[in-house]
Amino acid sequence: MPATEPPPGNAAIEALPTLKQLVGEMDMRARKSLGQNFLFDLNLTRRIARGAGRLDGTTIEVGPGPGGLTRALLLEGAQKVIAVEKDFRAGTVLASLLSAAGDRLDLIEADALKTPLWEMGDAPRRVVANLPYNIATTLLIQWLGHATAFESLTLMFQKEVAERITAQPGDSAFGRLSILTGWMADAAILFDIPPDAFVPAPKVTSSVVHIRPLAAPRHDCDRTALEHVTRLAFGQRRKMLRASLKPIGGEALLTRAGIDPQGRPQDLDIAAFCRLAREIGIPTKGQSPLD
Ligand code: SAM
């Protein structure tokens, strides 16, 4: 197919009723418990879709809701979209899009927290999502554990969370999320979205973050150990490391890793946290506060 020709199904997608019409007709009122803040502006959702870059292989969307971003992904040429949604009402609202898109779109009614997205569809595989804020960081940390399965993750977070994900050592937002992301990936904020772009409007500004996993972690260490040590260090970020890391060896551990015991966690870089992780080895189940 020539590059200029739109992918099959786009004319049928463009002819669909507007999202607002559909949501009104189906009475799909947003549910707070599911973190539902919908985007109806197709120019905006198409901008998010373009931010993902290439859309060949499999594009996985978590929480299509009424389908604003799903439509955008298909219109921007996504070869195959697999949409995972917990709210069963979406099936009715998405019915016309599912039939217009044919086999380019699959809807899976499931809880994304319990779904191994990293095994879905064919590579190259990416996630593009306007995430429910209440589970956004839990999902990100889960996916980072399988980072090499993804070509990219293009995700919407609250701006404050996006800043923590992309922060560098020394930044006030630098913390556990920055380390767990930066260890495995490059991450950047693409653009912000104001509250009034959503229905209903959230209280805060949102940001779209583009995450590109590396072929291998930046520094050698065990991921569970890194999660463990960063959780302890940043659990009490104002305290000196020798106090916050006391349960796993405190001053002696820090000295072995060549780190100032009087330092604070935001002063260390990712390499230093990996040295600490290598020193403690792999925590057993009972030891780790993550369990
Ligand atoms: N993508 C739509 C948009 O941009 O308008 C909706 C985004 S809304 C912020 C989040 C969506 O995630 C909702 O449709 C919600 O039902 C869905 N959701 C919430 N928790 C979920 C879960 N555990 N698994 C899958 N989807 C979930």
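By convention here, the first residue in the shown sequence is residue 1. First listed ligand is number 1; within each ligand, the first listed atom is number 1.
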Flag for [Y]-[X]: side-chain donor and acceptor within less than 3.5 Å:
| X | Y | result |
| --- | --- | --- |
| Thr18 | Gln21 | yes |
| Asn10 | Arg104 | yes |
| Thr70 | Glu61 | yes |

Practice task
Answer yes or no for Arg164 and Phe174: cation-pi contact, defined as NZ/CZ to six-membered ring centre under 6.0 Å and angle to ring axis within 45°.
Solution key: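 Checked: cation-pi criterion not met.
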
Handout entry: Test side-chain hydrogen bond (donor to acceptor under 3.5 Å, both in side chains) applied to Thr154 - qualifying residues, sequence neighbours left out
Key =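 Thr154 satisfies side-chain hydrogen bond (donor to acceptor under 3.5 Å, both in side chains) with His210 once adjacent residues are dropped.
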
Once you restrict both partners to nitrogen or oxygen, which atoms of ligand 1 have a protein partner under 3.5 Å, and how far apart are they?
unit_1	atom_1	unit_2	atom_2	d
ligand 1	1 (N)	Glu61	OE2	3.3
ligand 1	1 (N)	Gly63	O	2.7
ligand 1	1 (N)	Pro64	O	3.4
ligand 1	4 (O)	Asn130	ND2	2.8
ligand 1	5 (O)	Leu39	N	2.8
ligand 1	14 (O)	Gly65	N	3.4
ligand 1	14 (O)	Glu85	OE1	2.8
ligand 1	16 (O)	Gln36	NE2	2.8
ligand 1	16 (O)	Glu85	OE2	2.6
ligand 1	23 (N)	Asp111	OD1	2.8
ligand 1	24 (N)	Ala112	N	2.8
ligand 1	26 (N)	Lys86	N	3.4

Problem - Pairwise side-chain contact, Phe150 with Leu117, heavy-atom cut-off 4.5 Å (strictly under) - result: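 They are in side-chain contact.
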
